[in-house]
Each structure stands twice: as C-alpha cells, then as structure tokens.
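Below you'll find the structure, written out as structure tokens, and then a few comments.
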Amino acid sequence: MNSTPTMSSSSRLDEAWLREECAALELPWQVRVVDEIASTSDALRTAAQQGEEHGIVLFAESQTAGRGRRDNRWVTPPGLDLMFSLLLRPTEPISFWPRLTTLAALSICLAIEEELPLKPQIKWPNDIYLNSRKVSGLLAEVVATPKGMALILGIGLNVNSREFPPELADTATSLIQALPSGVTIRALDRQQIALRVLKDLAQQIQHLESGFTDAIAAVRQRSWLIGKQIRATVDGQEIYGRAVDINQEGHLILSLADGSLRTLNSADGVRQVVSA
Ligand code: BTN
C-alpha cells in the first residue's frame with residue numbers, strides 16, 4: 001500500500017499514457033478513452049456484436065445513459081470518477097464466467113488497497129463498499145456475437161466525487177471522501193488507480209478456472225455481508241436469513257430461521273440488509 005496517495009488535478013484521462021503503461025506491463029488491454037458516450041457497456045456490446053476482439057477497455061469521462069444493475073441509472077459528474085467497460089472473450093467454458101464478477105470485485109478491492117490507506121469490502125455480489133457506503137459497482141453482461149459469446153464487464157468507481165444526488169447521499173461515497181481524516185488532498189490520480197485496476201484484473205481473471213479457491217479466500221476476508229441479517233428474493237419469493245459464508249463457487253450461504261442453509265447465486269441478489 002502507498003501511504004501517500006498520489007495526487008493530480010482531475011484532468012482528462014490520457015489514453016496514450018494508459019496504452020503505454022499497459023504495453024509496458026504486458027497487460028492484454030487495448031485502452032480507448034472517449035469524452036462522452038451513452039454507455040461504455042452499450043458501446044462495447046455493439047463492438048462485440050461487430051466482431052471486436054477480447055481486451056478492449058473503453059473509458060468515458062461522461063456517460064449520458066450510464067446503466068447499473070436492475071435498470072438503475074449510473075450517474076456521476078464528468079471528469080471526476082472512473083467509468084469503463086471491458087470486452088472479454090474468455091476461453092474458459094461459460095459455466096465459469098459468473099466467477100468473473102467475483103474476481104473483478106476482488107481486483108477493485110486489491111487496487112484500492114495497493115493505492116490508498118483504505119480497507120474496501122465486497123458487498124456480495126457486485127458492489128464495493130468503504131465505511132459501509134458504496135464506492136463502486138459492477139455490471140457483468142453476457143452477449144451473443146458472431147464470434148461466440150462475449151462478456152461485457154462495466155465498472156463504475158467513484159474516485160473524486162464529493163457530492164451525490166440526494167437519494168444516494170446517505171449510501172454512496174468516493175475514494176477521496178473515504179480517506180482517513182488528516183489526509184487532505186485536492187484530487188486523486190484517476191489514471192494511476194485505473195491502471196492498478198487493469199493490472200489486478202488481468203492477474204485475477206487468470207484464476208477463472210484454477211486458483212479460484214485462493215481468490216475466494218481473499219473475497220471472504222473482505223466480505224461486508226457475512227454476519228449480517230439480510231432479505232433476498234429467490235425465484236420471486238422473499239427470504240430472510242443471516243449471511244454466514246461465501247462458498248467455493250462464490251455463492252452466498254444464508255442461514256435461515258429454521259436452521260437450514262440456502263445458497264444464493266449472483267442472479268438472486270440481496271435486496272436489503274436488515275440488521276448487522
Ligand atoms: C451497479 O452498481 O448497479 C453497476 C454499475 C455499473 C456502472 C458502470 S459505469 C461504466 C459502465 N457503463 C454503464 O452504463 N454501466 C457501467
């Protein structure tokens with residue numbers, strides 16, 4: 001971990017710098033940066049359908065129709081945070097692909113830990129929390145293309161935002177906001193953080209088939225949900241239980257009131273944390 005957060009003005013992301021750094025680190029990414037787009041994930045879906053290859057990473061300074069899970073909108077002010085998507089064509093069987101969300105969540109945590117004096121946690125399955133507030137969200141979407149199935153991984157990471165819409169004011173945070181008191185800084189270096197995420201992602205997605213067990217151990221250590229009483233919806237039915245573990249497949253294990261255990265996969269999702 002760097003004890004001194006890197007500082008920069010919040011200038012535009014430098015595509016050439018990101019490309020050079022990725023090349024120097026032999027990362028499998030082709031970085032593109034645009035000023036404004038409807039949604040980086042929608043753009044890469046189209047790119048995938050047009051036959052583009054594995055490894056394109058599209059950053060946008062601003063999105064006009066950014067999407068989150070369950071038809072939520074993803075809105076952040078231009079130029080302050082990170083919004084990007086990756087086009088992935090994993091060679092592993094598609095049955096392994098749900099693991100990508102887990103590995104991506106872990107990568108974001110590791111990148112934050114390496115760059116800043118912060119302790120991120122994973123709110124299974126798709127969110128990253130700092131101090132019990134959401135700092136990052138993931139959106140993994142499988143798409144059929146003429147070259148076979150592809151996966152578009154969208155990542156929103158609040159870096160330098162200090163204000164949020166009223167409906168998120170009590171639940172959202174950013175990296176800069178979550179820094180320990182005493183660390184005063186004008187702006188965090190988004191590029192450095194972006195590069196670190198890309199580096200950790202490249203490393204972690206190698207564990208899609210083998211090595212996933214080690215990743216799960218790291219995910220468990222960073223779990224925000226374990227120990228909490230939650231409400232989830234499974235096949236349209238509401239269930240309540242205490243989150244007790246994340247299994248070897250990355251699924252959440254709930255202990256229900258009758259003592260039975262229930263396994264949730266990422267499609268089930270957790271609707272609400274009822275109590276700690
Ligand atoms: C969520 O928390 O619900 C997931 C949020 C994902 C947001 C990112 S921002 C970049 C990419 N483009 C989108 O339209 N969405 C994802």
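One-based numbering, in listed order, for ligands and for the atoms of each. As the structure is a prediction and not an experimental result, all values here were calculated from the model.
Here the side chains of N160 and S174 are not in contact, with every heavy-atom distance at 4.5 Å or above. In this structure the side chain of L88 reaches within 4.5 angstrom of the side chain of H54, judged on heavy atoms.
Residue contacts with ligand 1 include D127, since one or more of its heavy atoms lies under 4.0 Å from the ligand. Between I155 and ligand 1 there is a heavy-atom distance shorter than 4.0 Å.
Close contacts of ligand 1 with S85, meaning ligand atoms under 4.0 Å from a residue heavy atom, involve 11 (C), 12 (N). Every atom of ligand 1 with a heavy atom of S39 under 4.0 Å away is listed here by number and element: 12 (N), 13 (C), 14 (O). In summary, the atoms of ligand 1 found under 4.0 Å from a heavy atom of G68, numbered by their order in the structure, are 1 (C), 3 (O), 4 (C), 5 (C). Taking every heavy atom of G66 and a limit of under 4.0 angstrom, the matching atoms of ligand 1 come to 14 (O).
For R222 (side chain) and I122 (main-chain N/O), no donor-acceptor pair under 3.5 Å exists by modelled atom type. Under the 3.5 Å distance criterion, the side-chain polar atoms of D200 are matched with a main-chain donor or acceptor of A111.
The backbone and the side chain of S41 each have at least one atom closer than 4.0 Å to an atom of ligand 1 (non-hydrogen atoms only). Contacts of L138 with ligand 1, taken as heavy-atom pairs under 4.0 Å, involve the backbone alone.
With K134, E141, Q63, R69 as candidates, the residue nearest to atom 2 (O) of ligand 1 on a non-hydrogen basis is K134. Heavy-atom proximity to atom 16 (C) of ligand 1, evaluated over R67, K123, R73, is greatest for R67.
Within 6.0 Å of atom CD in Q248, more than 12 heavy atoms from other residues, nucleotides or ligands are found, so the atom counts as buried in its surroundings. Atom CG of D258 sits in a crowded spot, with more than 12 heavy atoms from other residues, nucleotides or ligands closer than 6.0 Å. Taking a 6.0 Å sphere around CZ of R220, one finds it holds more than 12 heavy atoms contributed by other residues, nucleotides or ligands.
Not one N or O of W74 is nearer than 3.5 Å to an N or O of ligand 1, by distance alone.
With respect to atom 11 (C) of ligand 1, the closest heavy atom belonging to the protein is T40 OG1, 3.2 Å.
Using a 30° and 60° split on the angle between ring planes, F59 and F84 fall in the parallel class, below 30°.
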